[in-house]
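If you're wondering where the values come from, they're calculated on a predicted model, not measured in any experiment.
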Amino acid sequence: MLHWVVLATSWNILSGYSGYFSFGHGAFYGAGVYTAAVLAGTFGIPFLWTLPAAALVAALLGVALGAVVFRVRRVRGELFALLTLAVTFVLATIVQNTPIDGGPGIYLSAVPVPALAPTAAGTFYLMALALAVVTLVLARAIATSRLGLALFAIHDDEDAAEVMGVPTYACKLAAFGVSCALAGLAGAIQALFVSYVTAGSTFNITVPLTVVLMSVLGGTRHFAGPALGALLITVLLYASTAADHAVAGKAITGVILVAAVLFMPNGILGRIRRKSPRDTRDTTPTPAATPEADSAIHSVRANRGAPLLVLRGLRKSFRGVHALDGVDIDVRDGEILGVLGPNGSGKSTLINVVSGHYAPDAGSVRFAGVELAGISAHRIARAGIARTYQVPRPFAHLALRDNVALTAMFGAARRDRVQANAEAQRWLAFTGLSARSAMLPGALNLHQTKFLELARALAAKPRLLLLDEVLSGLTPAEIDDAVALIARIRERGTTIVLVEHVMRVVTALSDRVVVLDQGRVLAEGFVSEVMARDDVAEAYLGVAHA
């Protein structure tokens with residue numbers, strides 16, 4: 001039981017938390033098995049000294065693999081699962097055809113069992129118990145830490161997490177390294193326990209399939225879920241074996257896996273922890289002032305009016321279509337710049353490029369005097385740029401409080417967990433959502449979800465806020481509430497780039513406007529002047545005079 005608790009929980013640290021489903025856990029387990037077997041069985045090194053070596057070899061193998069595959073953005077989901085499965089068989093082939101094993105396997109019967117208990121069985125129990133406790137403590141510590149929150153966000157929407165400041169590559173690599181190290185330790189103890197290891201019995205599909213079943217059954221989004229699943233499945237398999245019905249036990253295990261996927265996708269603990277029915281009333285949140293938010297309302301910077309964001313020659317193409325074709329724009333500190341244009345003019349692409357969601361093909365993006373073109377999205381977020389999405393992209397399995405706390409921790413503010421939670425409550429109150437802080441985003445209506453996007457962006461303490469059609473889909477009354485909220489954000493001295501189609505909003509809020517057409521700047525200036533131009537009317541309506 002303890003052996004499977006370690007393997008299932010260690011697998012869950014990457015695959016359950018971040019959603020990077022791995023079928024390669026047998027490879028890292030096997031690396032630990034053979035590291036201990038070779039060092040103790042072949043070279044006579046005391047067994048306890050082989051444990052850190054087994055953990056290190058497995059971790060290095062995982063980190064080396066992750067360093068390559070995590071760089072390729074399209075290697076996710078089933079591609080990642082298949083790639084990790086292939087690593088298991090590649091490693092088995094190497095072991096079988098080299099002096100590491102050579103084919104006949106490695107005997108450890110002559111390796112002395114450490115005297116940690118009066119009997120050998122007691123020693124194995126104590127080692128397994130210690131490793132299981134360490135694994136569960138680590139899994140819980142990660143789940144409740146900054147790293148855990150980042151991994152859960154990656155699970156729900158990796159691209160959005162990166163844009164909000166989460167260093168997704170480093171987080172996945174750290175989780176993968178810990179996961180592999182724990183699997184390697186479990187393999188080392190198992191090698192001495194069985195006293196004879198072969199590539200065929202070590203590198204097979206049994207380990208990854210079993211740990212997946214255990215984790216899914218217990219619940220992957222709770223640190224104790226895989227342990228619960230491991231206990232239940234181990235009892236079932238041993239009971240069926242003892243009753244001389246081993247085949248039936250395996251069949252029942254398969255049925256349990258199918259039933260868990262179909263009827264309990266969140267596992268046993270997920271179902272137990274399901275909260276009472278959420279408040280889904282369609283009440284419109286009224287932006288609420290808080291002392292902490294209002295204390296900064298007049299903190300307008302002394303250099304207001306100086307260029308904060310400078311775009312020069314910005315270009316971005318998609319399969320030959322020029323979404324941005326040499327865009328030059330200055331955004332002044334403290335202003336609201338409206339960005340207008342017909343559908344397909346490049347407005348959202350502009351937001352995506354500035355925020356780092358897309359890398360520009362050419363051109364310069366200078367923010368506060370620093371060149372941002374080509375750097376990772378999380379570094380852009382930490383420099384002081386935050387954004388909302390035209391179609392809201394909240395992290396569906398994180399409560400509202402955690403959605404907002406994430407940007408407080410990883411954005412420009414860089415708060416610790418306690419400060420981030422307080423900051424989250426502050427901005428949820430500012431947007432009228434504090435009463436719903438423990439709910440999941442699925443309980444909100446569109447208006448509330450848009451305000452959640454605003455709260456999440458503001459918690460990062462940005463100098464520049466990019467609003468991508470934040471009012472689309474709202475009723476006139478809801479638009480009025482949102483306009484009042486955006487005006488209050490501007491009063492705090494936050495610079496805003498507002499992409500919007502609702503002209504009365506642009507007129508009410510914008511200091512200047514820029515009109516894009518076919519990826520180029522068509523006009524720039526005050527709203528009344530720009531909208532009176534014939535070429536702007538033609539771009540919008542297809543006629544010279546509306």
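- Atom CG of Leu149 sits about 9.5 Å away from atom SG of Cys171, to the nearest 0.5 Å.
- Between the Ser355 side chain and the Asn352 main chain, a donor and an acceptor come within less than 3.5 Å of each other.
- Between Arg393 and Asp157, at least one side-chain nitrogen of the basic residue sits less than 4.0 Å from a carboxylate oxygen of the acidic one, meeting the salt-bridge criterion.
- Taken from CG in Leu465 to OG1 in Thr388, the straight-line distance is 6.5 Å, to the nearest 0.5 Å.
- Around the OH atom of Tyr196, the shell of radius 6.0 Å holds more than 12 heavy atoms that belong to other residues, nucleotides or ligands.
- Judged by distance alone, the side chain of Thr168 and the main-chain N or O of Glu158 form no donor-acceptor pair under 3.5 Å.
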**Prompt:** So Leu452 and Leu428, side chain to side chain contact (heavy atoms under 4.5 Å, CB included) or not? Walk me through it.
**Reply:** CA-CA 7 Å; Leu452 172 61; Leu428 287 171; 4.3 Å; yes
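- Nearest heavy atoms, Leu151 versus Ile13: CD1-O, 3.8 Å.
- Relative ring orientation between Phe80 and Tyr20 is described as perpendicular, the plane-to-plane angle rising above 60° on a 0-90° scale split at 30° and 60°.
- Counting only distance, with no hydrogens or angles, the side chain of Ser145 and the backbone of Ile142 share a donor-acceptor pair below 3.5 Å.
- Taking the centre of each ring, Phe21 and Trp11 come in below the 6.0 Å mark.
- Relative to the six-membered ring of Tyr169, Lys172 misses at least one condition, a distance below 6.0 Å or an angle of at most 45° to the axis.
- A pairwise comparison of heavy atoms in Tyr17 and His155 identifies O-CB, 3.2 Å as the closest pair.
- Not less than 6.0 angstrom separates the ring centroid of Phe203 from the ring centroid of Phe89.
- Ser22 approaches Val212 most closely through the heavy-atom pair O-CG2, 4.4 Å.
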**Prompt:** Do Thr220 and Asn12 pass the side chain to side chain donor-acceptor pair (under 3.5 Å) test, and can you show the C-alpha distance, the side-chain angles, and the key distance before you say yes or no?
**Reply:** CA-CA 6 Å; Thr220 58; Asn12 198 58; 4.7 Å; no
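- Between atom CG of residue Asp361 and atom CG of residue Leu324 there is a gap of 9.0 Å, rounded to the nearest 0.5 Å.
- Taking the side chain as every heavy atom from C-beta outward, Glu371 and Ser364 approach each other to under 4.5 Å.
- Under the 3.5 Å distance criterion, the side-chain polar atoms of Thr84 are matched with a main-chain donor or acceptor of Ala81.
- The only member of Asp402, Asp156, Leu440, Asn403 that meets side-chain contact (heavy atoms from CB on, under 4.5 Å) when paired with His397 is Asp156.
- At a threshold of 4.5 Å between non-hydrogen side-chain atoms, the residues Pro167 and His378 count as touching.
- Between the side chain of Thr123 and the backbone N or O of Pro114 there is at least one donor-acceptor pair closer than 3.5 Å.
- A distance of 8.0 Å separates SG in Cys180 from CG in Leu65, rounded to the nearest 0.5 Å.
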**Request:** Step by step, work out the side chain to side chain contact (heavy atoms under 4.5 Å, CB included) result for Val197 and Val194.
**Result:** CA-CA 7 Å; Val197 298; Val194 299; 4.0 Å; yes
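- Across Thr210 and Thr206, no two heavy atoms sit closer than the pair OG1-O, 2.6 Å.
- Minimum heavy-atom separation, Asn204 to Gly200: ND2-O, 3.4 Å.
- Aromatic ring pairs are classed by plane angle as parallel below 30°, tilted from 30° to 60° and perpendicular above 60°; the pair Phe70 and Phe176 is tilted.
- Inter-residue side-chain proximity for Arg401 and Asn421 is flagged as met; some heavy-atom pair is nearer than 4.5 Å.
- Although no hydrogens or angles enter the test, the distance criterion places no donor-acceptor pair under 3.5 Å between the side chain of Lys316 and the main chain of Thr349.
- Annotation: Phe43, atom CZ; neighbour count of heavy atoms from other residues, nucleotides and ligands within 6.0 Å does not exceed 12.
- A 4.5 Å side-chain heavy-atom check between His357 and Asp159 finds at least one atom pair inside the cut-off.
- Looking at Arg146, its side chain does come within 3.5 Å of a backbone N or O of Met409 through a donor-acceptor pair.
- Not one N or O on the side chain of Ser18 forms a donor-acceptor pair closer than 3.5 Å with the backbone of Ser15.
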**Request:** Kindly determine whether Ser10 and His25 satisfy side chain to side chain donor-acceptor pair (under 3.5 Å), including the steps that lead there.
**Result:** CA-CA 9 Å; Ser10 63; His25 217 53; 2.9 Å; yes
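- Contact check for Glu162 versus Ile154: no side-chain heavy atoms found under the 4.5 Å cut-off.
- Using a 4.0 Å cut-off between a side-chain N of Lys or Arg and a carboxylate O of Asp or Glu, Arg387 and Glu453 do not qualify as a salt bridge.
- For the pair Arg382 and Phe410, the NZ or CZ position fails the cation-pi test of under 6.0 Å to the six-membered ring centre and within 45 degrees of the ring normal.
- In this structure the side chain of Val365 never reaches within 4.5 angstrom of the side chain of Ile380, judged on heavy atoms.
- Counting only heavy atoms from C-beta outward, the side chains of Leu131 and Ile189 approach each other to under 4.5 Å.
- Between atom CG of residue Leu350 and atom OH of residue Tyr358 there is a gap of 13.0 Å, rounded to the nearest 0.5 Å.
- Here the OG1-CG distance, from Thr135 to Leu185, works out to 7.5 Å after rounding to the nearest 0.5 Å.
- Contact detail for Glu423 and Ala459: the closest heavy-atom pair is CG-O, 4.2 Å.
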**Request:** Give the C-alpha distance, both sets of side-chain angles, the deciding distance and a yes or no for side chain to side chain contact (heavy atoms under 4.5 Å, CB included) between Met164 and Phe395.
**Result:** CA-CA 12 Å; Met164 289 170 194; Phe395 302 112; 3.8 Å; yes
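- Side-chain atoms of Tyr34 come within 3.5 Å of backbone atoms of Ala199 as a donor-acceptor pair (strictly under, hydrogens ignored).
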**Request:** Decide yes or no on side chain to side chain donor-acceptor pair (under 3.5 Å) for Ser317 and His322, but give the supporting numbers first.
**Result:** CA-CA 4 Å; Ser317 299; His322 299 296; 2.9 Å; yes
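- Contact check for Leu48 versus Met127: side-chain heavy atoms found under the 4.5 Å cut-off.
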**Request:** Start with the C-alpha distance between Val211 and Leu213, add both sets of side-chain angles, then the distance that settles side chain to side chain contact (heavy atoms under 4.5 Å, CB included), and finish with yes or no.
**Result:** CA-CA 5 Å; Val211 298; Leu213 168 60; over 6 Å; no
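- For the pair Thr50 (side chain) and Ala40 (backbone), a donor-acceptor distance under 3.5 Å is absent.
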